[in-house]
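Within every chain, numbering begins at 1; the chains are lettered A, B, ... in the order of the sequence lines, protein sequences first and strands thereafter.
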2 protein chains.
Amino acid sequence: MSLKPTIPKHEHSMNIENAQVQMRKGILEFCIMHIISRGEVYASDMLDELTSAKIMVVEGTLYPLLTRLKNSGLLDYKWVESSSGPPRKYYILTDMGKQFLEELQSTWGELSDSVNAIVKKTAQQSADAQPADDSSKSE
Amino acid sequence: MSLKPTIPKHEHSMNIENAQVQMRKGILEFCIMHIISRGEVYASDMLDELTSAKIMVVEGTLYPLLTRLKNSGLLDYKWVESSSGPPRKYYILTDMGKQFLEELQSTWGELSDSVNAIVKKTAQQSADAQPADDSSKSE
DNA sequence: TAAGGTACTTTGTCATGCAAGGTACTTGGC
DNA sequence: GCCAAGTACCTTGCATGACAAAGTACCTTA
């Protein structure tokens, strides 16, 4: 028992990276369904688009998510031969998926509004607390 | 082996509620730190504000989150006697917490922009695909 | 047939949201 | 004093899901 001196130890503390990861969670699903809604794409296409939109995502996250969406009947796919490698799964939204996307769209809009309202309220209160500051008038 | 007929079975399927919950994750932390940044508040204050901002959160989520933030040195608190019940923990941001909040603010801004860019691109492509539609011109 | 590239899959670990139940302090009725 | 009700904070246990890393499979080129 005197061996095993260095137990890895879970810190459970918060660092900025961790928090940024958290913030991205759940948004992914919405973005992916959006991309698929534009037409048939396969996973690497999605990775490219998300990466260029600065939304980080890796294979280990994307593939299981696509599988979950497929199993829930929101996506469908077909195999397509590739001229340069193994066949690809091209995804499309099902009718259910389209409806689901619309609901996610509303959720995103509302969430975004709610968060911005909180941010705005903070800014407003800062302005109140420091009237010497040259900020625009509160309403 | 013929017994144990009804294994509870984890569906792991996606429904809209589940997705909405996912979307809210990670945003919470940002909102909570924002609220605390406005001045000393205790947990019930936060619950009220978040609820009225339509951001659902419950005690079982909030208290552990506050504890994690405290343990990470981002928050501090002091006990204050209440005239109508048990004492309350009033939270404030530490200097580290203030810096952290600024970084979260950037992350939120960028994430929000990225998502909106994806949404916009979809809208634009729909307009292209259906020129008969009376949408505004694409750029 | 071996090497390298592309694409999809699986396993294991960890973080965390949350329901439910618990602790503790205060006030008011009896 | 004792008990019920209200308020506030805390803990346990389960389910979910992000992701690193390792695995499988197909295709091309040499």
### Residues, nucleotides or ligands: over 12 heavy atoms within 6.0 Å of B:Gln99 CD
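12 or below, so no.
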### Query
Do the side-chain N and O atoms of B:Gln124 and B:Lys121 include a donor-acceptor pair separated by under 3.5 angstrom?
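B:Gln124 vs B:Lys121: no donor-acceptor pair found between side chains.
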Rounded to the nearest Å, what distance is computed from the [atom1] atom of residue [X] to the [atom2] atom of nucleotide [N]?
X: B:Leu50; N: C:dG17; atom1: CG; atom2: C1'; result: 14 Å
X: A:Asn71; N: D:dT16; atom1: CG; atom2: C1'; result: 15 Å
X: B:Leu66; N: C:dT16; atom1: CG; atom2: P; result: 14 Å
X: A:Met46; N: C:dA7; atom1: CE; atom2: C1'; result: 12 Å
X: B:Ile27; N: C:dG17; atom1: CD1; atom2: P; result: 12 Å
X: A:Gln20; N: C:dT16; atom1: CD; atom2: P; result: 14 Å
X: B:Tyr42; N: D:dC9; atom1: OH; atom2: P; result: 7 Å
X: B:Ile55; N: C:dC18; atom1: CD1; atom2: P; result: 12 Å

## Note on the structure
Residue pair A:Ala19/A:Tyr90 against DNA chain C: nearer the 5' end by closest nucleotide is A:Tyr90
### Under 3.5 Å donor-acceptor, B:Ser114 side chain and A:Ile55 backbone
no
#### Entry: Pi-cation contact, B:Tyr42 with B:Lys89 (under 6.0 Å, within 45°)
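No - B:Lys89 does not lie over the ring of B:Tyr42 by the 6.0 Å and 45° rule.
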### Query
Does the cation-pi check pass for B:Lys78 over B:Tyr90, that is, NZ or CZ under 6.0 Å from the six-membered ring centre and within 45° of its axis?
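That pair does not qualify as a cation-pi contact.
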### Message
Counting only side-chain nitrogens and oxygens, does A:Tyr63 get under 4.0 Å of the OP1 or OP2 atom of C:dC8?
### Response
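Checking C:dC8 against A:Tyr63, a side-chain N or O does come within under 4.0 Å of OP1 or OP2.
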### Task
Just do the side chain to side chain contact (heavy atoms under 4.5 Å, CB included) check on B:Ser106 and B:Glu102 with the steps written out, would you?
CA-CA 6 Å; B:Ser106 299; B:Glu102 276 175 37; 5.9 Å; no
### Message
A:Glu110 vs B:Arg24, test: salt bridge (charged side-chain N to carboxylate O under 4.0 Å, His left out). Steps then yes/no.
### Response
CA-CA 11 Å; A:Glu110 285 160 21; B:Arg24 269 193 292 275; over 6 Å; no
### Task
Name the closest nucleotide to the B:Lys89 side chain, picking from D:dC10, D:dC9, D:dC27.
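Looking only at side-chain atoms, B:Lys89 lies closest to D:dC10.
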### Summary
Heavy-atom contacts, protein to nucleotides 18-25 of chain D, under 4.0 Å, summarised as B (base), S (sugar-phosphate only) or - (none) per nt, yield SBS-----
